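Since the structure is predicted, the reported quantities are computational estimates derived from the model, not experimental observations. Every chain is numbered from 1 and lettered A, B, ... according to where its sequence line falls, protein lines coming before strand lines.
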Number of protein chains: 4
Amino acid sequence: MDASLFRIQPSLPEPIYRQIADQVRRLVAGGQLQAGDALPSVREIAAAHAINPMTVSKAYSQLEAEGVLERLRGKGMVVAATARRPQPLAERLAQLDPLLHEVAQRAHDLELPGDEVLPRLRQLMEK
Amino acid sequence: MDASLFRIQPSLPEPIYRQIADQVRRLVAGGQLQAGDALPSVREIAAAHAINPMTVSKAYSQLEAEGVLERLRGKGMVVAATARRPQPLAERLAQLDPLLHEVAQRAHDLELPGDEVLPRLRQLMEK
Amino acid sequence: MDASLFRIQPSLPEPIYRQIADQVRRLVAGGQLQAGDALPSVREIAAAHAINPMTVSKAYSQLEAEGVLERLRGKGMVVAATARRPQPLAERLAQLDPLLHEVAQRAHDLELPGDEVLPRLRQLMEK
Amino acid sequence: MDASLFRIQPSLPEPIYRQIADQVRRLVAGGQLQAGDALPSVREIAAAHAINPMTVSKAYSQLEAEGVLERLRGKGMVVAATARRPQPLAERLAQLDPLLHEVAQRAHDLELPGDEVLPRLRQLMEK
DNA sequence: GTGGTCTAGACCACG
DNA sequence: GTGGTCTAGACCACA
């Protein structure tokens, strides 16, 4: 996996370390990262995005504590053998639920009907 | 407008004062709050949700600085006469866009197809 | 920039946080603070003037919302890259206009002629 | 004196009652209002400027407490016989001093030289 | 180290 | 009654 594939935007309010950790979690849950797959080194990511290595390290440490990643001496971080296999669809959908609730709520406040919002989302998902 | 109509969840990472301010902004954009409409007093909201009056005041001050609300001295806050009228649909939809992008991105990471996500969102929006 | 350079007078009716914010705005407009320049930390200013850190923070937050300052996470506040460059003379003079109007109005009420007021002001400005 | 001659701007941060009281004080100090001169009634001022009568009353009460005005039964408020005669020039100039200090300070922050500020003020005072 | 958020409580200013 | 300001102090999040 290439370090530059991470989408990182320091300008967002979302803390950088969580932008990284969340992406790794989802890629593992979705099966795009499989047990044993290697991750870019802390240095690579930090250099590719001009961020503080400590910030990357914090994300990795958190994922290691969760059992998502393993630290292989001399090899860096890899997806843990014990990491949950790609999760069933229902479970992955459930992970998206809080965000979908937020969308529904804001659409309601903005008086936006589903007929406007759903096509727009479909369009974005097809890209 | 009833103070208890605000949805406030202190558990969220989103600060309370911004939860309030964002809701007011959207209600004004959607036209559910019109120019001249009075808002619940700081104390009412604070009491209804068991939060500190200053937290509510912070939201109101911010909205006043933005020109969304006006302070009627001794009377309270009302939607500003100069506040943008209910915005056209395209503009309201644009306000939802960043969140929809986030949904699309996460769905992609989780390998969730539109055929799973869209019906779920439709369901949430019909409630 | 030294924290003690701010002029703060808690005795004035003008709230402290606005005394701070106004001074920063003017120093940026006048070019004495340039894009990228670091500002004293909240704690420094608070300690130097024996005021509450939150009061300083309020000024900084407001300036950040206006786009005058930027928050470098973990590092502090700096003058925003997007902040308006030192403004042309005419514009800076325009900022002083409301206050000059006030002077003219009060001088008129007090029946003070320009020949008395102007020399006094010249004297104060030469200090 | 005509009620509409008062300059009142509810939009200013300066409280309305003080806008009124300060103007009266200055007009007395400058000699434009002399002992015995009648002031517009509370109702007149309130109606002319669409403000709360209580606000006008508060200004008058304060001026009465200071000895600037007197309440003549059936006649309304008049400038007190004991009110200080028009004050000597030096004293009136001293009253303007704090404001002139503020001008000097802001001009300094804005890097505005006296050669720019003074002509502008002269212009405003000649109107 | 940096700033952000929230609370509890006091006091003020305004109408 | 309304909102505004400030304090003291705690705790959090980030780099």
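Listed by first and then second residue, the salt bridge (charged side-chain N to carboxylate O under 4.0 Å, His left out) pairs that reach into residues 36-55 of chain B come to none, sequence neighbours excluded.
Contacts of B:N52 classified as side-chain hydrogen bond (donor to acceptor under 3.5 Å, both in side chains), with partners at least two apart in sequence or in another chain: none. Partners of A:E102 under the salt bridge (charged side-chain N to carboxylate O under 4.0 Å, His left out) rule, at least two apart in sequence or in another chain, are A:R106. For the salt bridge (charged side-chain N to carboxylate O under 4.0 Å, His left out) test, residues two or more places apart in sequence or in another chain that qualify with D:E64 are D:R71.
In this entry the distance linking CD of C:E70 with P of E:dG3 reads 15 Å, nearest Å. Spacing between atom CG of B:L72 and atom P of F:dG1 amounts to 18 Å, rounded to whole angstrom units. F:dC12 atom C1' lies 16 Å from atom CG of B:L12, rounded to whole Å. To the nearest angstrom, C1' of F:dA15 lies 12 Å from CD1 of A:I20. Rounded to an integer number of Å, the gap from C:I8 CD1 to F:dT5 P is 15 Å. Counting to the nearest Å, the P atom of E:dG3 and the CG atom of C:L63 are 13 Å from each other.
For the pair B:L69/B:V79, a side-chain contact is recorded, criterion being any heavy-atom separation below 4.5 Å from C-beta on. In this structure the side chain of B:T55 never reaches within 4.5 angstrom of the side chain of B:H49, judged on heavy atoms. Residues A:Y60 and A:I45 form a side-chain contact, since some pair of their non-hydrogen atoms from C-beta on lies under 4.5 Å apart.
Remark: of the listed residues D:R7, D:Q23, D:Q32, D:R7 is the sole one forming a side chain to side chain donor-acceptor pair (under 3.5 Å) with C:D109.
At F:dG3, none of the side-chain N or O atoms of B:S57 fall inside 4.0 Å of OP1 or OP2 (strictly under the cut-off). Look at C:S41 and you'll find a side-chain N or O under 4.0 angstrom from OP1 or OP2 of E:dT2. Contact annotation: C:R71 reaches the phosphate of E:dG4 (side-chain N/O to OP1 or OP2, under 4.0 Å). For the pair B:S61 and F:dG4, the criterion of a side-chain N or O lying under 4.0 Å from OP1 or OP2 is met.
Side chain of D:S61 to main chain of D:S57: a donor-acceptor pair is present (N/O by atom type, distance under 3.5 Å, no hydrogens or angles).
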- Under the rule of Watson-Crick or G-U wobble with both distances under 3.5 Å, where | means paired to another strand and [ ] a crossing pair, DNA chain F maps to ||||||||||||||.
- Message: Treating primed atoms plus P, OP1 and OP2 as sugar-phosphate and everything else as base, which nucleotides of nucleotides 6-14 of chain E get B, S or - for protein heavy atoms under 4.0 Å?
- Response: BBB-----B
